[in-house]
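It should be emphasised that the depicted structure is a prediction, and the values quoted were computed from it without experimental measurement.
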Amino acid sequence: MRTLNQDRLGPAKNVGRIRLPRGNAAQKGITMPDLKRSAFAAASFALMCAALPVSAQETVRIRGTIEHVDGPIFVIKNRDGAEVKLTLTDKPLFVAIVKSTMTEIKPGMFVGSTGMTQADGSQRAIEVHIFPESMRGTGEGHYDWDLKPQSKMTNANVEQTVAGVDGQILSVKYKGIEKKILVTPDTAIVTFVTGDRSDLKPGTKIFVAAKKQSDGTLQAPRITYGKDGLTPPM
């Protein structure tokens, strides 16, 4: 029986070692004793990116700022001004977002982009995030996203990059379907690196996909946060 995550991610890759970059260097490979946690990390990100109706009913996306930390509870001011309380599951994952550049994006890489549909059907990118190789296939596809009204998320393989009148154009492909993404000077370009709980201080900007608990709090298996003052752009 195939699971939801298998349907979204396709065949498993890099099963023996799953890697996440640390800063500008690659983290040492995670070996088999850590496989379950690593697979769970990729699966949780896939659920965050999925746009299936059942996921939308169960998942609450938080984009906000940590106001303070009270033991295991993170008190967060959401972007709509509401205060929410967040707890983490056992053995949570901390993933930092750092700035990157268009020059780091090469054909064959797997990227995601939040964008707005233009008249010609292409996407004008609000942001582009570069996935580490171990997360290739995460949330693959093109679907509605809630960053802005009518925004879309596209997670796909880079076919080529060419110069355009208004910026660089990424030609990407997912499941045999091609899309063009316009990357302008205003587009935020980021990538993921290994994070640490000690970075999560008041003022840190976060992006979390959480589940609502019976007591009204929210719980998540991971926190994605901007490093050095960066706001997660997705």
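- Between the side chains of Thr184 and Asp186, not a single donor N or O lies within less than 3.5 Å of an accepting N or O.
- To the nearest 0.5 Å, atom NZ of residue Lys227 and atom CG of residue Asp196 are 8.0 Å apart.
- A donor-acceptor contact shorter than 3.5 Å links the side chain of Ser151 to the backbone of Trp145.
- By the side-chain contact (heavy atoms from CB on, under 4.5 Å) test, Glu127 is found to be paired with Thr114, His129, Met153, Ala188, Pro233, Met234, residues two or more places apart in sequence or in another chain being considered.
- Ile189 has its side chain out of reach of Lys99: every pair of non-hydrogen atoms, C-beta onward, lies at least 4.5 Å apart.
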task = Begin from the C-alpha positions of Ile76 and Glu67 and carry the test side-chain contact (heavy atoms from CB on, under 4.5 Å) through to its verdict.
result = CA-CA 5 Å; Ile76 299 162; Glu67 292 202 306; over 6 Å; no
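- Scanning both residues, Ser113 and Ala125, for their nearest heavy atoms gives OG-CB, 3.5 Å.
- Separation of atoms NZ (Lys173) and NZ (Lys180) is listed at 10.5 Å; rounding is to 0.5 Å.
- Under a 3.5 Å cut-off, the side chain of Asp120 and the backbone N or O of Ser122 do form a donor-acceptor pair.
- Across all non-hydrogen atoms, the minimal contact from Arg222 to Val208 is O-CG1, 3.8 Å.
- Rounded to the nearest 0.5 angstrom, Gln150 CD and Lys152 NZ are separated by 8.5 Å.
- The side-chain heavy atoms of Lys205 and Pro232, taken from C-beta on, include a pair separated by under 4.5 Å.
- With Tyr225 as reference, Asp199 is the one residue of Thr231, Asp199, Thr204 to meet the side-chain hydrogen bond (donor to acceptor under 3.5 Å, both in side chains) rule.
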**OP:** Run the numbers on Thr217 and Ile73 for side-chain contact (heavy atoms from CB on, under 4.5 Å), then give the verdict.
**Re:** CA-CA 9 Å; Thr217 62; Ile73 300 174; 5.8 Å; no
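- Of the inter-residue distances, the one linking Arg124 atom CZ with Leu182 atom CG reads 5.5 Å to the nearest 0.5 angstrom.
- Hydrophobic clustering, with ILVMFWY side chains joined whenever heavy atoms are under 4.5 angstrom apart, groups Ile126 together with Leu230.
- Cluster membership for Met116 and Leu147, using ILVMFWY side-chain heavy atoms within less than 4.5 angstrom, is shared.
- Looking at Val60 and Val84, their side chains never come closer than 4.5 Å, going by heavy atoms from C-beta outward.
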Might you work through the side-chain contact (heavy atoms from CB on, under 4.5 Å) test for Leu170 and Val158, ending with a clear yes or no? CA-CA 7 Å; Leu170 284 177; Val158 177; 4.2 Å; yes
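- Ion pairing between Lys85 and Asp215 fails under the 4.0 Å rule for side-chain N and carboxylate O.
- Side-chain contact between Ile97 and Thr224 is present, with heavy atoms from C-beta onward closer than 4.5 Å.
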Open item on the list: Does Thr187 form a side-chain contact (heavy atoms from CB on, under 4.5 Å) with Gln168? I'd like the steps, not just the answer.
Closed with: CA-CA 10 Å; Thr187 301; Gln168 294 285 107; over 6 Å; no
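- Put simply, Val111 and Tyr174 are part of two different groups of oily side chains (I, L, V, M, F, W, Y) that touch within less than 4.5 Å, one to the next.
- Of all non-hydrogen atoms in Gly121 and Lys179, the two that sit nearest each other are O-NZ, 3.9 Å.
- Here the side chain of Gln219 pairs no donor or acceptor atom with the backbone of Gln213 at under 3.5 angstrom.
- Within the 3.5 Å criterion, the main-chain N or O of Val172 finds no donor-acceptor partner in the side chain of Asn157.
- Between Arg136 atom CZ and Met109 atom CE the span is 8.5 Å, to the nearest 0.5 Å.
- In terms of hydrophobic clustering, with Ile, Leu, Val, Met, Phe, Trp and Tyr side chains grouped at heavy-atom distances under 4.5 Å, Phe94 and Ile62 are assigned to a common cluster.
- For the atom pair OG1 of Thr89 and NZ of Lys211, the computed distance is 12.0 Å after rounding to the nearest 0.5 Å.
- For Ile130 against Ser100, the heavy-atom pair with the smallest separation is CD1-OG, 3.5 Å.
- In terms of hydrophobic clustering, with Ile, Leu, Val, Met, Phe, Trp and Tyr side chains grouped at heavy-atom distances under 4.5 Å, Phe131 and Ile181 are assigned to different clusters.
- Under a cut-off of 6.0 angstrom, the local environment of CD in Glu83 is crowded, with over 12 non-hydrogen atoms contributed by other residues, nucleotides or ligands.
- Residues Met102 and Thr161 form a side-chain contact, since some pair of their non-hydrogen atoms from C-beta on lies under 4.5 Å apart.
- Shown here for Pro107 and Glu159, the closest heavy-atom pair between the two residues is CB-O, 3.5 Å.
- You'll find the side chain of Asp146 reaches within 4.5 Å of the side chain of Arg63, heavy atoms only.
- Of all non-hydrogen atoms in Ile66 and Phe74, the two that sit nearest each other are CD1-CD2, 4.1 Å.
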